[in-house]
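Accompanying notes for the structure given below.
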2 protein chains.
Amino acid sequence: MSQRNTAVTDQVTDCPIREVLALIGDKWSAQVLVELGDGPRRFTQLERAIEGVSRRMLTLSLRNLERNGLVTRTVHPDSPPRVEYATTALVEEIREPLEALSAWARRAAPAITEARHAYDTRREEPVTPRA
Amino acid sequence: MSQRNTAVTDQVTDCPIREVLALIGDKWSAQVLVELGDGPRRFTQLERAIEGVSRRMLTLSLRNLERNGLVTRTVHPDSPPRVEYATTALVEEIREPLEALSAWARRAAPAITEARHAYDTRREEPVTPRA
DNA sequence: CTGGATCCGCGCGGATACTG
DNA sequence: CAGTATCCGCGCGGATCCAG
């Protein structure tokens with residue numbers, strides 16, 4: 001079974017939000033779901049769409065999503081091989097809150113940047129009074 | 001500055017959902033926000049409420065949340081020291097989608113467990129036909 | 001009580017090469 | 001095209017000790 005696909009998921013505690021993170025909280029899975037939101041995609045399409053992902057990690061992410069019932073994998077008996085991934089009904093149920101979080105991220109970005117700057121400068125000044 | 005509090009956050013790509021994960025996608029931050037959802041809490045209260053968290057990670061998580069403007073830290077000049085943490089208005093805006101995700105996690109749990117089981121057995125049988 | 005400092009293991013994830 | 005196999009660095013996070 002190569003690389004243990006039970007990696008991210010399985011047991012956590014019993015905090016629901018932790019369960020969600022266990023499902024899509026790794027580096028690429030959430031973005032995969034986003035890409036699949038516009039309809040089924042082939043492996044290479046995903047690879048190109050998701051900037052910076054390696055084939056290895058894309059495969060692992062897709063395997064996990066598939067194992068947890070969030071993504072389906074259908075192999076078309078063509079040559080060259082042709083595999084399509086798609087989201088399941090389970091994912092539809094979280095599309096909306098996920099969109100809400102995305103929208104919030106965009107809206108809050110300036111405030112967050114400012115908060116970071118404020119925090120950082122607030123912690124630097126006491127160290128180097130002048131300079 | 002000790003341990004680089006820029007750990008999780010800062011630059012990612014430009015996928016909004018990745019930004020959210022960068023903010024609260026680490027092991028404990030989301031759960032901290034959940035605990036603070038019922039009102040301000042002291043450090044030790046959080047430590048006890050969040051099963052399995054170490055003082056170190058709780059501190060780091062709180063520092064990150066504070067730095068990104070999601071949590072406030074107020075020190076009451078008492079002896080022994082008394083520090084209270086609370087969520088900011090920024091967090092209020094995502095309480096609802098976060099709740100939605102939590103609710104979904106609870107609802108979907110059986111389906112996910114079943115999907116895992118189906119996937120696992122489906123992958124084991126071809127290996128050991130009998131046994 | 002509320003942390004900070006240090007040490008360290010382990011697993012995520014990147015790079016690369018190989019395959020049906 | 002759609003993966004798999006192997007190697008490996010690095011950073012997350014746990015354990016422990018110390019401090020105001």
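Just so you know, these numbers use all the heavy atoms, side chains as well, and skip hydrogens, waters and symmetry mates. Residue numbering restarts at 1 for every chain, and letters A, B, ... go by the order of the sequence lines.
For the pair B:Glu47 CD and D:dA15 P, the computed distance is 12 Å after rounding to whole Å. Following rounding to the nearest Å, B:Leu60 (CG) and C:dG3 (C1') show an atom-to-atom distance of 11 Å. When the C1' atom of D:dC12 is taken as reference, atom CG of A:Asp26 falls 15 Å away, rounded to whole Å. Residue A:Arg63 contributes atom CZ, which lies 12 Å from atom P of D:dA2 at whole-angstrom precision. Look at CD on A:Gln31: it is 13 Å from P on C:dG13, rounded to the nearest Å. Taking atom NZ on B:Lys27 and atom C1' on C:dC10, their separation rounds to 11 Å, with Å as the unit. Rounded to whole Å, the distance from CD on A:Glu84 to P on D:dA2 is 9 Å. One can place CD1 of A:Ile50 at 15 Å from C1' of C:dG13, the figure rounded to the nearest angstrom.
By the 4.5 Å heavy-atom criterion applied to side chains, A:Val53 and A:Arg56 are not counted as neighbours. Between B:Ile24 and B:Leu70 there is a side-chain heavy-atom pair separated by less than 4.5 Å. Taking 4.5 Å as the limit, every side-chain heavy atom of B:Arg82 sits out of range of all side-chain heavy atoms of B:Val75.
Distance from the side chain of B:Met57 is smallest for D:dG13 among the nucleotides D:dA2, D:dT4, D:dG13. Counting only heavy atoms from C-beta on, A:Pro81 has its side chain closest to C:dG20 among C:dG20, C:dG13, C:dG3. Ranking C:dG13, D:dG14, C:dC1 by closeness to the B:Thr44 side chain, first place goes to C:dC1.
In terms of position on DNA chain C, the residue among A:Ser54 and B:Arg73 whose nearest nucleotide sits closer to the 5' end is B:Arg73.
Between the side chain of A:Arg56 and the base of C:dG14, at least one donor-acceptor pair of N or O atoms lies under 3.5 Å. For C:dG4, its base never sits under 3.5 Å from the side chain of B:Arg55 at any donor and acceptor pair.
Using a 4.0 Å cut-off, no side-chain N or O of A:Tyr85 falls inside it from OP1 or OP2 of D:dC1.
With B:Tyr85 as reference, B:Arg73 is the one residue of B:Glu66, B:Glu35, B:Arg73 to meet the side-chain hydrogen bond (donor to acceptor under 3.5 Å, both in side chains) rule. Among B:Thr72, B:Leu46, B:Val91, the single residue meeting the side chain to side chain contact (heavy atoms under 4.5 Å, CB included) criterion with B:Leu36 is B:Leu46.
End-to-end axis angle for the helix from C:dC1-D:dG20 to C:dG20-D:dC1, using five pairs per end and rounding to 10°, comes out at 50°.
In terms of heavy-atom proximity, B:Arg116 sits nearest to A:Asn68 at NH1-OD1, 2.9 Å.
Here the side chain of A:Ser61 pairs no donor or acceptor atom with the backbone of A:Trp28 at under 3.5 angstrom.
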